[in-house]
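I have placed the structure first, in the form of structure tokens, so that the comments after it can refer back to it.
In what follows, chains carry the letters A, B, and so on, assigned in the order in which the sequence lines appear, proteins first and then strands, with residues in each chain numbered from 1.
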There are 2 protein chains.
Amino acid sequence: MVNPLIRKLENFTRLSGQDKHLLSEFLHEGIRHLGPREDIIREGERPQSVNLVLSGWACRYKYLEDGRRQIIAFLVPGDLCDNNFFLLRQMDHSIGALTPISIAQIPRHRIEEVSLHHPRVAQALSWEALTSMAIQREWTVSLGQRDAQERLAHLLCELYLRLRAVGLTDGTSCELPLRQAELADALGLSTVHVNRTLQELRASQLIMLKGKTLTIPDLNALRSVAQFTPTYLHLEHEGRHLDANE
Amino acid sequence: MVNPLIRKLENFTRLSGQDKHLLSEFLHEGIRHLGPREDIIREGERPQSVNLVLSGWACRYKYLEDGRRQIIAFLVPGDLCDNNFFLLRQMDHSIGALTPISIAQIPRHRIEEVSLHHPRVAQALSWEALTSMAIQREWTVSLGQRDAQERLAHLLCELYLRLRAVGLTDGTSCELPLRQAELADALGLSTVHVNRTLQELRASQLIMLKGKTLTIPDLNALRSVAQFTPTYLHLEHEGRHLDANE
DNA sequence: CGCCCTGTTGAGTTTTATCAATATTGGTGG
DNA sequence: CCACCAATATTGATAAAACTCAACAGGGCG
């Protein structure tokens with residue numbers, strides 16, 4: 001299996017063969033396979049390593065005391081679950097699998113070794129962390145300002161582009177292995193309302209959704225409904241000045 | 001002026017005299033003073049240094065094309081505005097002053113020097129970044145799941161504790177130099193609704209608010225209204241194993 | 001004194017949630 | 001291949017939360 005982290009980081013900067021070798025060694029310490037609704041790590045636990053999603057989808061989530069749940073982030077292949085979290089004494093949220101998933105556990109010392117001795121890779125990993133923060137900020141904007149239709153359209157644009165960045169789209173289509181209840185928990189809406197909003201988007205020909213496959217026939221149309229601007233994903237090879245020259 | 005960043009980082013780990021000296025040198029390159037509604041850095045600009053809030057309040061914010069605004073984060077003394085952002089080609093949001101504010105511009109090379117040669121300080125700065133991410137995640141939870149009263153109560157708890165962590169509370173009181181319109185933009189509510197919700201909290205004796213001074217007579221009561229759990233602020237000296245032993 | 005900014009109030013509307021029932025789907029064993 | 005089951009999706013009706021608009025009040029400051 002190709003390491004999707006490499007693919008993802010190459011949206012930032014070109015990596016040398018040695019860099020890639022280093023990153024592919026991340027996979028050698030142990031790969032876990034989990035089924036849907038199994039937790040990768042749970043609130044309160046102390047993280048000891050860094051988890052990298054190799055295949056499948058996961059999410060960060062948090063329950064309130066009274067049972068309401070918010071999905072805080074979706075994690076797709078190439079995403080690091082918890083870079084640097086080992087500095088904290090305990091997780092303040094949980095991460096759970098949404099589909100069958102395989103994840104690599106990267107030992108802390110490997111990360112630290114990279115940041116000490118391989119500045120280009122370290123910067124690429126920092127870029128990864130910065131973009132995941134940017135995504136979190138954009139979710140704040142969506143939840144605070146966008147209405148149901150904009151919010152849903154925005155999320156679908158984001159997921160499509162993130163999947164495209166790791167080669168997981170097929171033309172105008174990608175997988176969307178989420179139940180409506182999960183979309184609802186991520187968007188801060190009820191499942192009923194998500195259902196109706198999806199129907200609106202379908203009726204306007206903005207999306208097609210059969211089974212677990214999402215098709216966006218006209219990305220610009222969907223972007224404009226969502227007021228989606230892709231800048232925050234920082235996918236435009238922003239670290240090109242660091243490119244490996246081999 | 002004492003460097004509030006030092007005070008903040010000491011919630012994580014104890015710093016040596018040398019560490020503190022290093023951090024206080026952050027202030028020597030240039031301090032900017034801005035008035036309310038002036039921007040510290042604007043969306044689209046390329047960040048070249050790291051800004052540290054010394055006094056006053058600021059916020060991250062983002063406008064949608066149609067003029068709606070979301071405040072993404074509040075920044076109080078001791079907060080770093082944009083650690084590592086110089087890796088990105090452009091800011092995906094703006095940062096603006098809310099009150100008269102003074103900020104230190106820390107040159108990129110100082111940050112990089114620290115992360116290379118001073119691991120304890122570097123880890124403390126990583127902790128700072130991790131907690132600001134955790135705060136962002138908690139805002140996602142608030143905006144997605146909490147209703148107006150819970151959301152407002154939660155924000156007030158958070159701000160009170162963050163100010164206390166840098167010594168800016170006075171018993172059960174702290175400053176809250178925000179207009180209702182700004183609270184509204186942060187909470188994803190209308191100003192009218194913020195106004196009414198504030199009145200509810202006042203009527204229940206959960207808060208007192210005169211002028212720019214907030215008093216929380218019974219923090220536990222307010223916490224329980226908000227379903228606020230302070231874990232995500234990671235203020236409990238979590239890096240004590242790294243303590244300087246002098 | 002008067003002005004502007006901020007806060008407050010009331011009335012009516014829109015968006016979204018809730019509840020409960022029904023339909024559809026995908027997977028499983030016979 | 002079919003019948004069945006559970007999980008998921010869909011629908012309708014009603015209620016709650018929050019928004020909008022518009023007017024008015026209060027306070028600080030030149």
Side-chain angles (χ1 to χ4, degrees), chain A residues 35-38 57 64 66-71 97-100 142-156 175-203 207-214 225-226, chain B residues 35-37 57 64 66-71 97-100 142-156 175-203 207-214 225-227:
Chain A
R37 314 201 189 202
E38 286 188 84
W57 286 43
L64 300 191
D66 63 4
R68 283 174 281 174
R69 177 174 84 144
Q70 177 67 31
I71 290 180
L98 294 167
T99 68
S142 272
L143 289 167
Q145 300 301 323
R146 291 188 243 259
D147 68 23
Q149 193 177 84
E150 296 167 328
R151 226 182 276 179
L152 181 51
H154 195 281
L155 177 62
L156 296 178
E175 270 199 64
L176 188 78
L178 301 175
R179 281 163 281 160
Q180 294 183 357
E182 287 154 351
L183 284 171
D185 283 349
L187 296 169
L189 299 168
S190 67
T191 57
V192 173
H193 203 55
V194 165
N195 182 287
R196 291 183 169 129
T197 308
L198 277 171
Q199 290 180 50
E200 284 173 38
L201 292 180
R202 280 193 283 229
I207 63 168
M208 285 172 295
L209 198 50
K210 52 178 176 215
K212 302 274 172 233
T213 302
L214 167 71
V225 164
Chain B
R37 312 200 191 201
W57 286 43
L64 300 190
D66 64 3
R68 281 174 281 175
R69 177 173 85 144
Q70 177 66 33
I71 290 181
L98 294 167
T99 68
S142 272
L143 289 167
Q145 299 301 324
R146 290 189 244 258
D147 69 21
Q149 193 177 84
E150 297 166 329
R151 226 182 275 178
L152 180 51
H154 196 280
L155 177 62
L156 297 178
E175 270 200 63
L176 188 78
L178 301 174
R179 279 162 284 168
Q180 293 183 358
E182 287 155 350
L183 284 171
D185 283 348
L187 296 169
L189 300 168
S190 67
T191 56
V192 171
H193 203 53
V194 165
N195 182 286
R196 291 183 169 131
T197 308
L198 277 171
Q199 289 179 51
E200 283 174 38
L201 292 181
R202 281 193 282 229
I207 63 169
M208 285 172 293
L209 198 51
K210 54 179 174 210
K212 302 274 174 233
T213 301
L214 167 70
V225 164
Q227 299 199 43

Between the base of D:dG12 and the side chain of A:Arg196, is there any donor-acceptor pair under 3.5 Å?
yes

Please report the distance, rounded to the nearest Å, between CG in B:Leu183 and P in C:dT6.
13 Å

If the cut-off is 4.0 Å, is A:Gln180 near the phosphate of D:dA7, judged by side-chain N/O to OP1 or OP2?
no

Of A:Val192 and A:Arg151, the one whose closest DNA chain C nucleotide lies more 5'
A:Arg151

Name the nucleic acid region contacted by B:Gly188, choosing base, sugar-phosphate or nothing; use a 4.0 angstrom heavy-atom cut-off, strictly under.
sugar-phosphate

Whole Å only: how far is the CD atom of A:Gln145 from the P atom of C:dT15?
16 Å

OP1 or OP2 of C:dT9 less than 4.0 angstrom from a side-chain nitrogen or oxygen of B:Gln199, does that happen here?
yes

How many whole angstroms separate atom CD of B:Glu182 from atom C1' of C:dT6?
11 Å

Which is more 5' along DNA chain C, the nucleotide nearest A:Gln149 or the one nearest B:Lys212? Just name the residue.
B:Lys212

Partners passing side chain to side chain donor-acceptor pair (under 3.5 Å) against A:Arg146 (at least two apart in sequence or in another chain)
A:Glu138, A:Ser142, A:His154

Describe the nucleic acid contact of A:Arg68 in one word from base, sugar-phosphate, nothing, applying a heavy-atom distance below 4.0 Å.
nothing

Hey, is the side chain of B:Asn195 poking within less than 4.0 Å of OP1 or OP2 on C:dT8, counting only N and O atoms?
yes

Looking at residues at least two apart in the chain, or sitting in another chain, which of them share a side chain to side chain donor-acceptor pair (under 3.5 Å) with A:Gln199?
A:Asn195

Have a look at B:Leu189 and say if it touches a base, only the backbone sugar-phosphate, or nothing, with a 4.0 Å heavy-atom cut-off.
sugar-phosphate

Over all strands shown, is B:Arg146 touching base, sugar-phosphate only, or nothing at heavy-atom distances under 4.0 angstrom?
nothing

B:Glu200 and B:Val225: side chain to side chain contact (heavy atoms under 4.5 Å, CB included), yes or no, with the steps?
CA-CA 12 Å; B:Glu200 283 174 38; B:Val225 164; over 6 Å; no

Apply the test side chain to side chain contact (heavy atoms under 4.5 Å, CB included) to residues B:Gln227 and A:Arg68: give CA-CA distance (whole Å), side-chain angles for both, the deciding distance (0.1 Å), then the verdict.
CA-CA 11 Å; B:Gln227 299 199 43; A:Arg68 283 174 281 174; 3.1 Å; yes

C:dG7 P sits how many Å from B:Lys210 NZ, rounded?
17 Å

